[in-house]
Amino acid sequence: MSKLYKRITPKLQQFIENQKIFFVATATADSKINLSPKGMDSLRVVNESRVIWLNVTGSGNETAAHVQENPRMTLMFTAFEDNPMILRLYGTAKAIHTEDTEWKLLFPLFSPIPGARQIFDLNVELVQTSCGMAVPLYNYVGEREQLNRWAAKKGKEGLKEYWEEKNTVSLDGKPTHFA
């Protein structure tokens, strides 16, 4: 039922690009495991072994704290429509911040999203697919716009204040090296 790949094949890339939601998991050796849903057209397959995703402002910043200490990251995609499949990308990641040189190269690959705070760059070391037959069918209705409106209303200075208040340490008190 499950298959392993050393790279993202064109067929798997198409599956990834068709999904409206993906999940990100990270942890350090002694932290809580963070598992977060992501959407908003924020992921790009750069090549067969590299994926980037634009991270927007949230109530925490666990992923940033975790990859500073332990760069392991898993991205999971699952088909909620059409044929069942689960796809996981395992690899090592780094955070790219707005002031980093790489930001200027990678950010233009995305449509601007208010509140964008980091890009995570994942070096894919293993790809796994599995059946996904137990995943229920759901219909995609559309994107939620509340976060975009909230971030636009906050403005650049308001976001910076929010980041300093909410995004500088993880739930376990680990620094995010952000803001």
Side-chain angles (χ1 to χ4, degrees), residues 1-97 100 102-103 105-107 109-110 113 116-138 140 167 169-172 174-178:
M1 294 250 234
S2 128
K3 289 177 89 173
L4 299 176
Y5 302 84
K6 293 184 180 190
R7 61 184 177 81
I8 301 168
T9 66
K11 182 178 177 183
L12 297 178
Q13 179 175 344
Q14 186 65 53
F15 174 79
I16 290 168
E17 291 171 350
N18 287 341
Q19 303 316 302
K20 306 292 189 213
I21 186 172
F22 63 99
F23 300 85
V24 176
T26 57
T28 67
D30 61 347
S31 71
K32 293 168 185 59
I33 297 168
N34 186 57
L35 176 61
S36 296
K38 303 295 177 186
M40 302 175 77
D41 188 32
S42 61
L43 185 127
R44 299 291 181 268
V45 176
V46 176
N47 61 41
E48 64 186 19
S49 62
R50 185 178 180 207
V51 171
I52 58 174
W53 59 277
L54 183 64
N55 189 26
V56 297
T57 300
S59 56
N61 202 3
E62 299 301 298
T63 304
H66 292 170
V67 300
Q68 303 299 317
E69 190 173 314
N70 185 342
R72 290 181 312 155
M73 179 181 285
T74 301
L75 301 184
M76 186 186 81
F77 305 82
T78 186
F80 292 107
E81 301 172 319
D82 301 323
N83 295 323
M85 182 163 67
I86 297 170
L87 183 145
R88 291 178 182 88
L89 303 176
Y90 298 94
T92 54
K94 66 178 179 177
I96 298 168
H97 300 97
D100 295 338
E102 292 170 282
W103 179 272
L105 300 171
L106 298 175
F107 186 66
L109 298 175
F110 300 96
I113 299 175
R117 63 181 176 184
Q118 295 139 332
I119 294 172
F120 286 96
D121 189 344
L122 178 66
N123 176 43
V124 177
E125 298 159 357
L126 181 67
V127 180
Q128 177 196 38
T129 60
S130 55
C131 69
M133 289 187 264
V135 175
L137 291 168
Y138 285 98
Y140 176 72
N167 290 174
V169 295
S170 74
L171 292 170
D172 298 301
K174 296 183 181 293
T176 64
H177 304 289
F178 175 74

Q. Is the closest side-chain heavy-atom distance between Pro175 and Gln68 below 4.5 Å?
A. no
Q.
Rounded at 0.5 Å granularity, tell me how far OH in Tyr140 sits from CG in Asn18.
A. 12.5 Å
Q | Pairwise side-chain contact, Asp30 with Asp172, heavy-atom cut-off 4.5 Å (strictly under) | A | no
Q. What is the distance from atom CG of Leu126 to atom OG of Ser49, rounded to the nearest 0.5 Å?
A. 12.5 Å
Q: Could you list all the salt bridge (Lys or Arg N to Asp or Glu O under 4.0 Å) pairs where at least one residue sits in residues 74-94, not counting sequence neighbours?
A: Lys94-Glu102
Q. Which heavy atom in Met73 sits nearest to a heavy atom in Ala93, and how many Å separate them?
A. CE-CB, 3.6 Å
Q | Separation of Lys32 NZ from Thr26 OG1 (nearest 0.5 Å) | A | 13.0 Å
Q) Should we say atom CZ of Phe23 is surrounded by more than 12 heavy atoms from elsewhere, each under 6.0 Å from it? A) yes
Q: Grab the two heavy atoms, one from Ser170 and one from Ala65, that are nearest each other, plus how far apart they are.
A: CB-CB, 3.6 Å
Q. Looking at Trp103 and Ala116, what are the two nearest heavy atoms and their distance?
A. CH2-CB, 4.2 Å
**Q.** Test side-chain contact (heavy atoms from CB on, under 4.5 Å) applied to Leu89 and Ile16, step by step
**A.** CA-CA 10 Å; Leu89 303 176; Ile16 290 168; 4.1 Å; yes
Q) So which pairs with a foot in residues 44-71 pass salt bridge (Lys or Arg N to Asp or Glu O under 4.0 Å), sequence neighbours left out? A) Arg7-Glu48, Asp41-Arg44, Arg50-Asp121, Glu69-Lys174
Q) Taking it one step at a time, do Ile119 and Leu109 satisfy side-chain contact (heavy atoms from CB on, under 4.5 Å)? A) CA-CA 11 Å; Ile119 294 172; Leu109 298 175; over 6 Å; no
Q) Which heavy atom of Phe77 sits nearest a heavy atom of Ile21, and at what distance? A) CD2-O, 4.3 Å
Q.
Are Ile52 and Phe110 packed together at the side-chain level, in the sense that at least one heavy-atom pair is separated by less than 4.5 angstrom?
A. yes
Q. Taking atom CG of Leu4 as the centre, does the number of heavy atoms from other residues, nucleotides or ligands within less than 6.0 Å exceed 12?
A. yes
Q: Compare every heavy atom of Ala25 with every heavy atom of Leu35, then report the nearest pair and how far apart it is.
A: CD1-CB, 4.0 Å
Q.
Filter on salt bridge (Lys or Arg N to Asp or Glu O under 4.0 Å), then keep only pairs touching residues 17-28, sequence neighbours left out; what's left?
A. none
Q: Have a look at Asn61 and tell me which of Asn34, Asn55, Val169 forms a side chain to side chain contact (heavy atoms under 4.5 Å, CB included) with it.
A: Asn55
Q.
Once rounded to the nearest 0.5 Å, what's the spacing between atom CG of Leu43 and atom CZ of Phe22?
A. 4.5 Å
Q: For residues Trp53 and Thr63, determine if any side-chain heavy atom of one lies less than 4.5 Å from a side-chain heavy atom of the other.
A: yes
**Q.** Gap separating the CE atom of Met85 from the CD atom of Gln19, nearest 0.5 angstrom
**A.** 7.5 Å
(Q) Within this structure, what is the CD-OG1 distance for the pair Gln14 and Thr9, rounded to the nearest 0.5 Å? (A) 10.5 Å
Q | Working for side-chain contact (heavy atoms from CB on, under 4.5 Å), residues Glu125 and Thr92 | A | CA-CA 8 Å; Glu125 298 159 357; Thr92 54; 3.1 Å; yes
Q.
Measuring only between side-chain heavy atoms, which start at C-beta, is Phe120 closer than 4.5 Å to Leu75?
A. no
Q. At their closest point, which heavy atom of Arg117 faces which heavy atom of Gly58, and how far apart are they?
A. NH1-N, 3.3 Å
